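Below, chain A is the first sequence line, B the second, and so on; all start at residue 1. Nothing here was measured: the structure is a model prediction, and the numbers come from that model.
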Amino acid sequence: MDENFQEEFTQIIKFQPPLYKQRYQFVKDIVEKYKPKKVADLGCADCSLLWMLKFCSCIEVLAGLDICANVMKEKMHTLSPLPVDYLQPSERSLTVTLHHGSVAHKDPCMLGFDLVTCIELIEHLEESELKKFPEVVFGFMAPSIVVISTPNSEFNPLLPRVMLYRHPDHKFEWSQAEFQSWALETARCYNYSVEFTGVGHPPTGMEKVGFCTQIGVFVRKYPQTGESVQSEKPTEAVYKTVFKAVYPSLKDEKYLQNAVISEVIFTAQIIKHRFMSKRKHGDDPERKSEFQPSVNCFSDYLGKLVVERNMEPFVSGNEVYIPLATIFSFPKVNRLCGTFEKLCKLIAGKVTLSSDGSAVMFNIEHE
Amino acid sequence: TTGLQVSSGLQDLSLRDRGGRRRDFHDLGVNTRQAMVHVQESKTGFSGRMIKLSTNHFRLTSRPQWALYQYHVAYSPEMEARRLRSALLFQHEETIGKTHAFDGSVLFLPKKLDNKAGHEDALLFFIVVTELFSRTRNGEDVKITVTLTNELPPTSPTCLQFYNIIFRRLLKMLNLQQIGRNYYNPSDPVSIPNHRLMVWLGFTSSILQYEENIMLCVDVSHKVLRGETVLDTMHSLHSQVGEERFRDTCAKELIGLIVLTKYNNRTYRIDDIDWDNNPKGTFRKSDGSEMSFVEYYKKQYNIEISDWMQPVLISQMKRRRGNIEGSVALIPELCSLTGLTDKMRSDFNMMKDLAIHTRLPPEQRQRELGRLLNYIQKDDNVQKELRNWGLSFDYKSVSFTGRVVQGEKILQSGAMFDYNPQFADWTKETRGVPLIRALPMDSWLLIYTRRNYDVANTLLQSLFKVTPSMGIRMNKPNMIEVDDRTEAYLRVLQQRITPDTNIVFCILSSSRKDKYDAIKKYLCTDCPIPSQCVLARTLTKPQTIMTVATKIALQMNCKMGGELWSVEIPLKQVMIVGIDCYHDTVSGKQSIAGFVASLNQTMTRWFSRCVVQSRGQELVDGIKACLQTALRNWSKWNRCLPSRIFVYRDGVGDGQLNTLVNYEVPQFLDCLKSIGSDYSPRLTVIVVKKRVSARFFAEIGGGLRNPPPGTVVDTMVTRPEWYDFFVVSQTVKNGCVAPTHYNVVYDTSQLKPDHVQRLTYKLCHMYYNWSGIIRVPAPCQYAHKLAFLVGQSIHREPNLMLSDRLYYL
C-alpha cells in the first residue's frame, strides 16, 4: 500500500517536498555520509526507496524485504538493469535482491549489511513481531547502522483528518518519549548508540510537538564482526527470493573483456585513421583540426605521442601496425586494464595482432 | 436498468499503450473487403503448384464461452494521476481479484463482479468511505464506481488489443527489455567491436484476428545499439570534421536518431540540438520551480555530469497528455545511440559484419522463435498469468499450403527466355541479346579528374566492347579532364553541354555527397540531361570491369529512354501507377512522393513525377495532380484513355490505412471524374507493404527453406476483413526471404483475385536496374528511387522534360 500520500494533503500543514520524499532524502544523506556497501531496506513496499538507492555509487549490494510479495512485484522491474547498463557496464558491481518474509524471522541472507533501514515499518508490526524485531535486526543482522522512522503521535492533532492513526494498518503510533525509550533500551541491550532526529518540521511556535516523522539513527559500538562470528549463527533460510538482478559490471571478466576489446579496436582505428590521413596529406599544419578546449579529446594526446619513437604506427606491405604500447597509453584503455600484461591477456585471440603480439594489425589493401 | 451494449466497434479501442498512446498500429477496424462484392465469397487465387508452408504464427486459444469483462472506473471526486487511480482501486483486490488489466479508466477482468451494492442501475458500486483513503488536497473521500460496460467476445477488436497488452506483460515477465515497441534479451548480446556496435536479439509480436483464428505472429528482431554516448559521438565527429563543419555534421548525423537514457527505460528521438544551452542551463519542473540539469541529475539519479559545456538535445513529445506538444531536453553524455545512421547503412563492411548476426536462415530463425515459445511454456509465472486469463497458445506454428505461380518468360527483341527460379535472375540468359529499344550515344561527355585518366580510358574500352551486342550505337565521347572540385565539374557542365548531348558521364574520385548532389541537381533541374555518376573505385578492378560496364551501359540506356526487356501482360488499355514516399529524417521538414505511371502496353516506358511537400501539407493533393498529367500523357501515347488503372501504393505506415482508404482513394476517384463525365475507368488500389513480420518457410526434405519466388499466400495468415495476399517474389542469398503484403483496398476491376496476383507478380519482373525479380512491383521501386534521389540530393521537383525517362535510376 502506498501510504506516502497521506500526510501531504492536509490543509494546515503542507510539507514541501512531500514528507515521504524527505524521509528518502534523509536515507540518501546517511548513505552519502557513511558510504555503506551493503544496504537492506526492511518493509520496502513498492521498492521506491530501493530504486533511489540503486543510483548511489557506493552501494554494491541492495536488498529489500517485505511481508507482502504482491506490493513488491508491482514495481520490482524498475530495479532491473536498463539497456544502457549493459551497453556501458559500470565499474562497481551491484546486485539487487528482493525477499519475501517477516522482520520477526532470521534469515542468513540478511547478514553482513552495513546499513539497514526501516522506514515507517515498526508501527505496522503486531506486538509479538515488535518484540522479536530488535533481536532480529540488532542482534542477528547486526549492521553498523540502523535507521528507524515512525510517526510521531504528538504531531497527529495537527493533521486534521487523522482520527486515531495515520493509516488503518498501523498497530500503534508512539509519542517522542515512547519511541525514544524503546530505542534507548534497544540500543543499550545490543550495544548501539542512538541519536534522534526527524523530518517534517512542526509549525513555528509549536516546536515542542517535534517532527512529524521521528527517526532514530543507531550506530553499532563494537567493531565489525568477522565471517567466523556470523557462521556461529546457524539459521535456515526462511525468506523467499522474489527478485534478483545482477548488474553488468566491469568487475565481471566477461564484461571487462568486451569493454577492453571494444576500446582497443576503437582506439586503434582512430590512430590508424589519423596516421593514414597524415601519410596521405603530409604534415600540413593547416589540416590539423583544432579542438574546443572543453573537449578533452585524444587529439592533444596524439601530439605528445609522436615524441616516443617506437610507439609510432607503421606500415608494412598491406598492413598497418598500431603498437599496443601506444594503445595502452590512452587513458581509457589504461584505466580499464590497469597493467599492460592484463591488456595483452584480455585481448589475446580476440584482436588481430602482429606475429610478435606487440601491435594491432589492420589490412589496408582495400582502402 | 442500463442496457448492456455488447459492441465490438472501433470506438471501444480504449486500451492505452505505455505512454498513453492510442495508435492503431495494426489497422484494426478498417474493413475494406465488405465493399468489394466480387471477393465476398472468396479472395483466393487458383493457379500454380501447391507448396507446403509453415509460418511464424501461433494459434491463441481460449477456454469455451470465454469472455472478457470491460469495466469503466470512475472516481468521485475526479483523480488525475494514473498511479493514484490504480493504487486506490487495487486496495480492493479481494473484490477485484489478482488478475486484472487497468489503464487508469478502463478495467479488464476475466470475471464478472458480483452485484454487491444491490443498486438497480449499476452492476457494482463500492464506496470508499474511510477518510484514510482520501487523497485529494481538500481531503474529500474518494468514491470509486466500477461499471460493467461490455462483455467482449474473443474476437472483438478491444480483445485483440488486450491480448497484445497481456502478451507484452508476459515478455516482461521473461525478463526481456522493452526498447521502442519490441522486447529484447539483454543477457546475451553480440558485440561487434570493429564498429562499436552491439546487437541484441529480441522479438516483435502481435496478436491479431487472421482468416480463421486469432494468432500470435512473432518474429525475431535485432536491435543495434552503440556502445557510446551521444557525447562520445560528438567528440569523434569533431575530430573528424573540425570546428567549422562540426555543428552541421552533428545535425546531419544525429537528428532523427533514437537514444536511450542512462537513468530510465525510455527512448527518445533527437529532433534538434540546442547549442546555446548546456547542462548548467535550467528548466522548469512540474511544480514550477527552476532547476539546472546538473543539479537535477545529481539530485534525482546521483549522476554527475562531467562535461558542462556540451549542448542539449531536444526531443519533441507528441500527443502527450491531451495532445499538448512539448519538448524534452536531454544531456548528450547521458544518452546512448541506437540503430543505424544512413551513413552506417551505406558502409558496406559494417553491413556485412552485421548481416552475419542478423540474417538468420529459416531453420535458425524458427529455432529462435521456438526458444521463445518454449520459455513461455516453461515459465511458471507466465503460465499462471495465462491460466488466470483463461488463455493459452499452440506451441507449434501453423502450417498450410500455398501456391507457387508459374515463372514468367522474359521477352527481348523477339527472343524469349526462361530463368532459373532458384536465382530469379536472367543476367546470364539475356547477355549478348539486343535490347528492345537501344538509344544511340552519338554525343556524350565523359568527365574525370586527372588521377582517373586511366580509369576513364579502361571504362571507355569496356563500353565499346559490351555495347554493340546490345544494339547500342556509341561514338567516342567528349573526354574532359577537370579539377576535383564541385565548381570545376559544374563549370564544365555549363560550358560543354549542347542541345545534342545524349548523356553526361562523371567519374567521381570520392563518395563526397555534396559533389554528387550538385551535379545531379544541375542536371535534373536547370539543365535537364540524363547523367551517370560512378565512383572511380568501382572501375578499378580488372576482374569485374566488364560486368560493371555492362550494367552501366544498360542503366544509361534506360536513363535516356531505352527499353530492356518485357513480360507478357494480357490486360489491354491498362495504366499501372506506383507511388512511394521518402521522409526527410534530417531536417524532418520535407516529404517526397514519387509517382510513376506506365505509358505503353508492354509496361516498358514510364512517366515519372514527384511531389515535394513541407510538413503539414498533404501529399495527396500533389499526387492528384500527378495522376492528371499521367493520364494526359498516357492518352498522348495511346490515343485514348486507359480503361483500367492499377495503383500500387507503397510507403503507407502502420496505422495509416484508414486515412488512405477514406481520404486518398476518394481523391483518386475525384481526379478521374474531373477528366470527363463520360470517363469512368475501372480502378484498383493496392497497398504494398514490405515491412511485415510474417515469414514463410517451405518444408522441403524434412528441413525448412525459403519458399521459391512466385509463392503466393492468400489463406490462413491473411485478414478476413481485407482483400489481401502475400507474394514472395525475390530470392535472398542469406537469411529469410521477406514476403510482400498486398492489400487491395479498392477494386472495381472485376478481375479475379488470381489475375490481380499474377499481374502483381509480373510487375516485379520489370525493374530495369536489376535483371531479376524484385520485392515490389517495378513502378513502386521506380517511385522509391525517384523520391530518394529528390529527397537526398535535389530537394525540389526535377524538370518535367525528363519525365518520360528513368533518369533517376
Quiz item: How many angstroms lie between atom CG of B/Asn302 and atom CG of A/Leu53, to the nearest 0.5 angstrom?
Solution: 9.5 Å

Quiz item: B/Asp232 versus chain A, heavy atoms under 4.5 Å apart: side chain, backbone, both or neither?
Solution: side chain

Quiz prompt | Structural part of B/Trp200 lying under 4.5 Å from a heavy atom of chain A | solution = side chain

Quiz item: For the residue pair A/Tyr86 and B/Met198, what are the closest heavy atoms and their distance?
Solution: O-CE, 4.2 Å

Quiz item: Any idea which heavy atoms bring B/Ser191 and A/Asn258 closest together, and the distance?
Solution: OG-OD1, 4.4 Å

Quiz item: So how far is it from B/Leu260 CG to A/Leu82 CG, rounded to the nearest 0.5 Å?
Solution: 9.0 Å

Quiz item: With a cut-off of 6.0 Å (strictly less than), are more than 12 heavy atoms of other residues, nucleotides or ligands near CZ of B/Arg451?
Solution: no

Quiz item: Picking from A/His273, A/Met52, A/Glu263, which has the most non-hydrogen pairs under 4.5 angstrom with chain B?
Solution: A/Glu263

Quiz item: Between B/Tyr301 and A/Phe55, what is the shortest heavy-atom contact and its length?
Solution: O-CB, 2.9 Å

Quiz item: Below 4.5 Å, heavy atoms only, C-beta onward: do A/His77 and B/Asn175 meet side chain to side chain?
Solution: yes

Exercise. Identify which part of B/Ile179 has an atom lying under 4.5 Å from any heavy atom of chain A, answering side chain, backbone, both or neither.
Key: side chain

Self-check item: B/Glu244 CD: over 12 foreign heavy atoms closer than 6.0 Å
Solution: no

Practice problem: Could you tell me whether a side-chain N or O of B/Gln177 sits under 3.5 Å from a main-chain N or O of A/Pro81, the two making a donor and an acceptor? | Solution: yes

Quiz prompt | Minimum heavy-atom distance B/Lys299-A/Lys28, with the two atoms named | solution = O-NZ, 2.6 Å

Quiz item: Should the heavy atoms of other residues, nucleotides or ligands under 6.0 Å from NZ of A/Lys244 be counted, would the total exceed 12?
Solution: no

Quiz prompt | Heavy-atom neighbours of B/Trp275 CH2 exceed 12 at 6.0 Å | solution = yes

Quiz item: Any side-chain heavy-atom pair from B/Leu225 and A/Val84 closer than 4.5 angstrom?
Solution: no

Practice problem: Would you check if B/Thr229 and A/Gln88 make a side-chain contact, meaning some heavy-atom pair closer than 4.5 Å? | Solution: yes

Practice problem: Heavy-atom distances under 4.5 Å only: say whether B/Lys98 touches chain A with side chain, backbone, both or neither. | Solution: side chain

Quiz item: What are the two closest non-hydrogen atoms of B/Pro193 and A/Ser262, and how far apart are they?
Solution: CB-CA, 3.7 Å

Quiz item: Would you say A/Lys240 has more than 12 foreign heavy atoms packed within less than 6.0 Å of its NZ?
Solution: no

Quiz item: Measuring heavy-atom distances to chain B, does A/Lys54 have an atom under 4.5 Å in its side chain, in its backbone, in both, or in neither?
Solution: neither

Quiz item: In terms of heavy-atom proximity below 4.5 Å to chain B, should A/Lys73 be classed as side chain, backbone, both, or neither?
Solution: neither

Quiz item: How about B/Arg226 and A/Leu87: do any of their side-chain heavy atoms sit closer than 4.5 Å?
Solution: no

Practice problem: Would you indicate whether the side-chain heavy atoms of B/Tyr184 and A/Pro83 approach each other to under 4.5 Å? | Solution: no

Quiz item: Where on B/Asn349 is there a heavy atom nearer than 4.5 Å to chain A: the side chain, the backbone, both, or neither?
Solution: neither

